[in-house]
Amino acid sequence: MEAFEEWTGERVEKFLEDFKRLNIRPTSVLEVGGFRPTSHPLASHIGLAPVMRVGEEWPRDSEGRGMQFIAQLNLTEAPFVPEVLRDIALLTIFVGEECIERGFNPGSWELRAYPSLDGLSRVTAPPRPWRWLKGFECRWQQTEDYPSYDDDLLKLPDGYRLEDDLPEEMHGLNVHRSKVGGFASTIQYEVQFVPAIRTANGWEKGAEPPFALQIVSEEKAGLMWADNGVLYVGRRPETDEWFASCQFY
């Protein structure tokens, strides 16, 4: 392709128009605080008191320690919900102290998904040695989203390759916010929920579940995934399997 300095005017506009047409997806993003909270127990929030069904116990990690509650997402209030989450009314996310070190394997995190809001009530977290979140109620906003540069779902207009000098404007189109749907905000590489397996033919990657949502580091709430990272969540609806992974700087 032509050198980068020749990306000017109409050519850049045409490229971005085609790029957006090929890649656009809707997403619902979380606005964390900054408004008068409703204090409703079913409201979406980070770090407040979550809801549970009667009889449910607080999640514990594989060492028996109480997990940290992270987020409650009321999807019935989201303006857009991706297909992979449309049978879910509300979900809550908890993590253990060593969730990143353990690669978000079972026992290091837990996601609870509720198909209905009926029978859910607010609970109080049990005493535990670590609590680093400031609670904020959240509300939803819908916007358009596009893939990050290293997302394997990215599509380029005919005649272009990732190795070419491409307009810088395409790199800032991904919505780097806590959100459901849209595209993952990758930091180092494409999101990987399923570890590669060594075979006789070398390393082979397993079938990846669809990306469902992400929770970014939210400074206002005191939420930080290692060094300003992102927690990604995927799901296989046909088997109701949930997956998580994290990237950070």
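FYI, side chains are in, hydrogens and waters are out, and symmetry mates aren't considered; it's all heavy atoms of this structure.
- Closest of all the heavy-atom pairs between Asp18 and Pro157 is CB-CG, 3.7 Å.
- Under a 4.0 Å N-O distance rule, the pair Glu13/Arg11 does not qualify as a salt bridge.
- Under a 3.5 Å cut-off, the side chain of Lys134 and the backbone N or O of Gly47 do not form any donor-acceptor pair.
- For the pair Leu111 and Trp109, the tightest heavy-atom approach, listed with the atom from each and the gap, is CB-CZ3, 3.6 Å.
- Atom NZ of Lys220 is surrounded by more than 12 heavy atoms from other residues, nucleotides or ligands within 6.0 Å.
- The closest donor-acceptor contact from the side chain of Trp140 to the backbone of Asn74 lies under 3.5 Å.
- With Glu110 contributing its side chain and Val95 its backbone, the two residues share no donor-acceptor pair below 3.5 Å.
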Donor-acceptor contacts, no H, no angles, side chain residues 188-195, under 3.5 Å, sequence neighbours left out:
| from | atom 1 | to | atom 2 | distance (Å) |
| --- | --- | --- | --- | --- |
| Gln188 | NE2 | Phe248 | O | 2.5 |
| Glu190 | OE2 | Lys205 | NZ | 2.8 |

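- Rounding to the nearest 0.5 Å places CZ of Phe136 at 9.5 Å from CD1 of Ile46.
- Taking the ring axis of Phe183 as reference, the NZ or CZ atom of Arg25 stays within 45° of it and closer than 6.0 Å to the ring centre.
- For residues 10-29, every residue pair satisfying the ring pair (Phe, Tyr, Trp, His ring centres under 6.0 Å) rule, not counting sequence neighbours, is listed here: Trp7-Phe15, Phe15-Tyr160.
- Residues Met170 and Leu156 approach most closely at CE-CD2, 4.3 Å, considering heavy atoms.
- In terms of modelled atom types and a separation under 3.5 Å, the side chain of Gln72 and the main chain of Val51 share a donor-acceptor contact.
- With respect to Asp87 and Arg235, a salt bridge is recorded, a charged nitrogen being found less than 4.0 Å from a carboxylate O.
- Formation of a donor-acceptor pair under 3.5 Å by the Trp225 side chain with backbone atoms of Ile215 is found in this model.
- Closest approach of Arg53 and Glu56 over heavy atoms only: N-OE1, 2.7 Å.
- Comment: Lys14 does not engage Glu17 in a salt bridge, judged by the lack of any side-chain N to carboxylate O separation of less than 4.0 angstrom.
- Taking hydrophobic clusters as Ile, Leu, Val, Met, Phe, Trp and Tyr residues chained together by side-chain heavy-atom distances below 4.5 Å, Val175 does not share a cluster with Leu73.
- Atom CD of Glu219 has 12 or fewer heavy atoms from other residues, nucleotides or ligands within 6.0 Å.
- The backbone N or O of Leu166 sits nowhere less than 3.5 Å from a side-chain atom of Asp164 that would complete a donor-acceptor pair.
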>> Could you go through Ser28 and Gln141, starting from their C-alpha distance and side-chain angles, then the distance that decides it, and tell me whether this counts as side chain to side chain donor-acceptor pair (under 3.5 Å)?
In response: CA-CA 5 Å; Ser28 291; Gln141 298 175 328; over 6 Å; no
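- Note on Leu48 and Met224: separate hydrophobic clusters, where clusters join Ile, Leu, Val, Met, Phe, Trp and Tyr whose side-chain heavy atoms are under 4.5 Å apart, directly or indirectly.
- One hydrophobic cluster holds both Trp242 and Ile93 under the rule that ILVMFWY side chains link at heavy-atom gaps under 4.5 Å.
- Few gaps surround CD on Glu163; more than 12 heavy atoms of other groups in view lie less than 6.0 Å from it.
- Ring to ring, Phe94 and Trp58 are close: their centroids are under 6.0 angstrom apart.
- Remark: side-chain polar atoms of Asp145 are not paired, donor with acceptor, to backbone N or O of Asn174 under 3.5 angstrom.
- Aromatic ring centres of His45 and Phe69 lie closer together than 6.0 Å.
- Looking only at distances, a side-chain donor or acceptor of Thr27 sits under 3.5 Å from a matching main-chain atom of Val180.
- Within a 6.0 Å radius of CD in Glu10, other residues, nucleotides and ligands contribute 12 heavy atoms or fewer.
- The two residues Ile100 and Ala226 come nearest to each other via the heavy atoms CD1-N, 3.9 Å.
- No donor-acceptor distance shorter than 3.5 angstrom exists from the side chain of Ser148 to the backbone of Asp150, with no hydrogens or angles considered.
- Using modelled atom types and a 3.5 Å distance limit, the side chains of Ser185 and Gln214 yield a donor-acceptor pair.
- Ser108 places no side-chain N or O within donor-acceptor distance of the main-chain N or O of Arg102, the cut-off being under 3.5 Å.
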